Asker: 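Here you go, one structure.
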Amino acid sequence: MPDIEVLLPDGSARTLPEGSTAHDLAASIGPRLAADALAAMVDGVPRDLNTPLHTGSRVSIVTPASDEGRDILRHSTAHVLAQAVTRLWPGAKYAIGPTIRDGFYYDFALPGGAHFSDDDLARIEEMMRVIIGEDQPFVRHEHSIDDALGLFRDQPYKLEIIEAVRRGEADDELDDVGDATAVSTYENSPSFRDLCRGPHVPSTGRLGHFALTRVAGAYWRGDEHNEQLQRIYGTAFESDDALAAHLHQLAEAERRDHRRLGQELDLFSFPGELGPGLAIFHPKGGTMRRVMEEYSRARHVAGDYEFVYSPHITKADLFETSGHLQWFAEGMYPPMELDEGQRYYLKPMNCPFHVLIFKSRQRSYRELPLRLFEFGSVYRYEKSGVVHGLTRVRGMTQDDAHIFCTREQMGEELSNLLTFVLNLLRDFGLREFYLELSTRPPGKAVGTDEEWAEAEATLASVAEAAGLALVRDEGGGAFYGPKISVQVGDAIGRTHQLSTIQLDFQTPQRFDATFVGADNARQRPIMIHRALFGSVERMMAILIEHYAGAMPTWLSPDQVRVLGVRDAHDEYAREVVRVLRADGVRASVEAADEPLGARIRRAKMEKIPYVVVVGDQDVSARSVGVNARGSNDPERGVPLDDFRRRLLDQIAAHGSPEDD
RNA sequence: GCCUGGGUAGCUCAGUCGGUAGAGCAGCGCAUUCGUAAUGCGCAGGUCAAGGGUUCGAAUCCCUUCCCAGGCUCCA
């Protein structure tokens, strides 16, 4: 019998009898691997374990504790979920059940329009464990389109997918179950099969370390005009330990949640009296915000920005001219009718005001680039279901600037701007970045093809020159121009979109903004919109979560808490505070009405960078005891002036006590 | 806007079968004076989100509205 030879990931070759499968390969390498194997990568494509191998193929065995392995576990668990739901709700229609980051979901339509409740999750999990206990095989079949339509005649969503495959429209991952002539299915039992590209684990008995996490509504094909399906989210891992570790990660994210920390640290709140998405900043949150804004202002002064101000409300004309009313009226607060039918709007954007400032007199090319900066408060009528803490609000303040420049200046201006942005973000302790380029949105954009092409090409070349990873976000641009956004990685590996830089050829035209060129002719400026924090509120939320509330000393609302050991030391404690405050340090005393331990504990819970304790020795030696945040052993007898110097250096360097 | 789950003291939460409101922390008062993460005692604090309904009786059951959370859609 002829043999076949396959290549393993380490570069070695292995000879197997003709007709051998990926499972046979795993078995030939070792019994442990054979027992662990879930699937195989054959020439870079994931395949079932019973796939026959061919000479020359590069094969690696997929085991549970790998990205591919977990993906297959989750995908197979999603099938078990669908089967469990069809057993518990006979007649349930199942739509799609893909894997997502850290888990999977499956969408259903229940008979009679029924909905899942949270209590159903436990019942469904129980049924899933029954199915896993049955150790049903996952059997792959190929079907012609017509046969598939027959097999799924009771499953309208599957029929839609099959029809899309037939038309060759199944281009995204969710629908990629075959080519225009055939589709694949996986059969678990005579009563359950699902349309699927695969691969899957050999049998349901290989699953089990899973949890269903929540129920949600979700629109069919993600379109709010379609019916809403019932979605169940879950996750699965290679072991119970890995599952527990994942749940621990979720708990860590919850511990850092800025809404929770905002409450605990007395930074801000969302009183019901104000309405959704409207925050008030308490003194400590106000201090943090003021420090952020003051630093930003100083950077912008250094960057040759001019500071401007504009009102929060304006007549409709302005937003008709800008095009916002045409495209985003639904996202704006409804107008107030004043002065015999004049409609006034709360501003959702600052740009039209800045254009008016540009237009307030004749401009010369000698003034360009003209950079107008404003902490501009804007109001957006976000849909009720989307507001979220400080990250998605209805009233916010943007660190907004608009740069007017010539076409020739555009490239250099953008590239300087990107450096400016990244330096500012680094000054706030953010270190990991990548860029996203959002291009022309189909169906809602103004401007010519040439203008868009030029704008996109300019942004792309600037982004590439920055040397950061660049991801394309096709169709994600604003209606007036493409944008680069800076995506920032935080301390627990999440990414947030922060800064945006948008190129705009349209607004200057709409407002007929011009400058006089060196040739004495009127020319059209280019406009660059840019917000670095995005909004001050959102930036604060991201920083709070990044630092888990333990802010670097310069951003910390309270920097030093001075505690006398006994009330006899309170006077010296106040003296220490006076010394520090003279240098602008935010320091305070808590009088010795309570035991020292209790006062220290309170200061620690407030995440104050330095707790300074002073007793008899300190009063006589003019020293302090320094208990730094994050440290377990306080220093005794530090000369006050030494502490003061260290503190001021750390503040200037934007450091944290944890860095020392 | 849609789906699911919530809303009890400033905060975190308990409250059984429908029988009339509880704890810890925080606050206030008094005592305590202490060298590195909770001193003791006492006091006060509530339209149980709001409105309506069922009931002899509602925090509890029903309806409406508001607000919050997790998703979906949206995000100039």
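All values reported here derive from a predicted model rather than from experimental measurement. We use all heavy atoms of the structure for the numbers below, so side chains are in, but hydrogens, waters and symmetry mates are not.
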Asker: May I have the distance from A:Leu274 (atom CG) to B:C68 (atom P), rounded to whole angstrom?
Answerer: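 In whole Å, B:C68 P lies 10 Å from A:Leu274 CG.
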Asker: Excluding sequence neighbours, so at least two apart, what forms salt bridge (Lys or Arg N to Asp or Glu O under 4.0 Å) with A:Lys284?
Answerer: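 Salt bridge (Lys or Arg N to Asp or Glu O under 4.0 Å) list for A:Lys284, sorted by chain: A:Asp558, A:Glu606.
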Asker: Expressed in angstrom and rounded to an integer, what is the separation of A:Phe270 atom CZ from B:C68 atom P?
Answerer: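 Distance check: A:Phe270 CZ to B:C68 P gives 9 Å.
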Asker: Mind checking whether A:Phe108 and A:Tyr94 have ring centres under 6.0 Å apart?
Answerer: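 So the answer is no for these two rings.
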Asker: Output one letter per nucleotide in nucleotides 70-76 of chain B: B when a protein non-hydrogen atom lies under 4.0 Å from the base, S when only the sugar-phosphate is that close, - when neither is.
Answerer: BBBBBBB
Asker: What is the separation between atom OH on A:Tyr106 and atom C1' on B:C3, rounded to the nearest whole Å?
Answerer: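 That distance rounds to 19 Å.
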Asker: Taking atom types as they are modelled, is there a donor-acceptor pair under 3.5 Å from the base of B:G35 to the side chain of A:Asp618?
Answerer: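 Under the 3.5 Å cut-off, the side chain and the base do form a donor-acceptor pair.
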Asker: In chain order, what residues pass the ring pair (Phe, Tyr, Trp, His ring centres under 6.0 Å) check against A:His312, with sequence neighbours excluded?
Answerer: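 Once residues adjacent in sequence are excluded, the partners of A:His312 under the ring pair (Phe, Tyr, Trp, His ring centres under 6.0 Å) criterion are A:Tyr379.
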Asker: For A:Arg494, what residues pass the salt bridge (Lys or Arg N to Asp or Glu O under 4.0 Å) criterion, not counting sequence neighbours?
Answerer: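 A:Arg494 satisfies salt bridge (Lys or Arg N to Asp or Glu O under 4.0 Å) with A:Asp490, A:Glu545 only.
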Asker: Hey, could you give me each pair passing salt bridge (Lys or Arg N to Asp or Glu O under 4.0 Å) that has a residue in residues 620-630 of chain A? Not counting sequence neighbours.
Answerer: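 Residue pairs passing salt bridge (Lys or Arg N to Asp or Glu O under 4.0 Å), neighbours aside: A:Glu575-A:Arg622, A:Arg629-A:Glu658.
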Asker: Taking ring pair (Phe, Tyr, Trp, His ring centres under 6.0 Å) as the definition, give me every residue that meets it alongside A:Tyr344, ordered by chain and number, with sequence neighbours left out.
Answerer: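 Once residues adjacent in sequence are excluded, A:Tyr344 has no partner under the ring pair (Phe, Tyr, Trp, His ring centres under 6.0 Å) criterion.
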Asker: Report yes if at least one side-chain N or O of A:His115 is closer than 4.0 Å to OP1 or OP2 of B:U4; otherwise report no.
Answerer: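 Answer yes for this pair, as a side-chain N or O of A:His115 is under 4.0 Å from OP1 or OP2.
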Asker: Determine the contact category for A:Asp633: base if any of its heavy atoms lies under 4.0 Å from a base atom, sugar-phosphate if only primed atoms, P, OP1 or OP2 are that close, otherwise nothing.
Answerer: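 No contact.
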Asker: When we call it a touch if two heavy atoms are under 4.0 Å apart, what does A:Pro634 touch: a base, just sugar-phosphate, or nothing?
Answerer: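 Base: the residue A:Pro634, judged by heavy atoms under 4.0 Å, touches a nucleobase.
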Asker: Who is the Watson-Crick or G-U wobble partner of B:C56, with both distances under 3.5 Å?
Answerer: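 Base partner found: B:G19.
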Asker: Protein within reach of the bases, or only the backbone? For nucleotides 24-34 of chain B, mark each nucleotide 5' to 3' as B, S or -, using heavy atoms under 4.0 Å.
Answerer: --------BBB
Asker: Residues two or more places apart in sequence or in another chain: which of them pass side-chain contact (heavy atoms from CB on, under 4.5 Å) with A:Pro441?
Answerer: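 Once residues adjacent in sequence are excluded, the partners of A:Pro441 under the side-chain contact (heavy atoms from CB on, under 4.5 Å) criterion are A:Lys444, A:Ala445, A:Trp452.
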Asker: Please tell me which of A:Gly625 and A:Gly272 maps to the more 5' nucleotide of RNA chain B, matching each residue to the nucleotide holding its nearest heavy atom.
Answerer: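 Result of the comparison: A:Gly625.
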Asker: Going by salt bridge (Lys or Arg N to Asp or Glu O under 4.0 Å), name the pairs with one or both residues in residues 318-332 of chain A, residues two or more places apart or in two chains.
Answerer: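 Qualifying pairs, neighbours excluded: A:Glu320-A:Arg343.
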Asker: Taking side chain to side chain donor-acceptor pair (under 3.5 Å) as the test, write out the residues that go with A:Asn632, two or more places apart.
Answerer: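 None.
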Asker: Now, which nucleotide makes the Watson-Crick or G-U wobble pair with B:C34, with each of the two distances under 3.5 Å?
Answerer: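 Base partner found: none.
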Asker: Would you mind pulling out the nucleotide paired to B:G27, Watson-Crick or G-U wobble, both distances under 3.5 Å?
Answerer: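 When the pairing criteria are applied, B:C43 turns out to be the nucleotide that pairs with B:G27.
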Asker: Apply side chain to side chain donor-acceptor pair (under 3.5 Å) to A:Asp473 and list each qualifying residue two or more places apart in sequence or on a separate chain.
Answerer: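 Applying side chain to side chain donor-acceptor pair (under 3.5 Å) to A:Asp473 gives A:Ser438.
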Asker: Which parts of nucleotides 5-15 of chain B does protein reach within less than 4.0 Å, heavy atoms only, written one letter per nucleotide 5' to 3' as B for base, S for sugar-phosphate only and - for none?
Answerer: S-----S----
Asker: Between A:His258 and A:Phe268, what is the ring plane arrangement, given parallel below 30°, perpendicular above 60°, and tilted in between?
Answerer: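 Because their plane-to-plane angle lies in the 30° to 60° range, the rings of A:His258 and A:Phe268 count as tilted.
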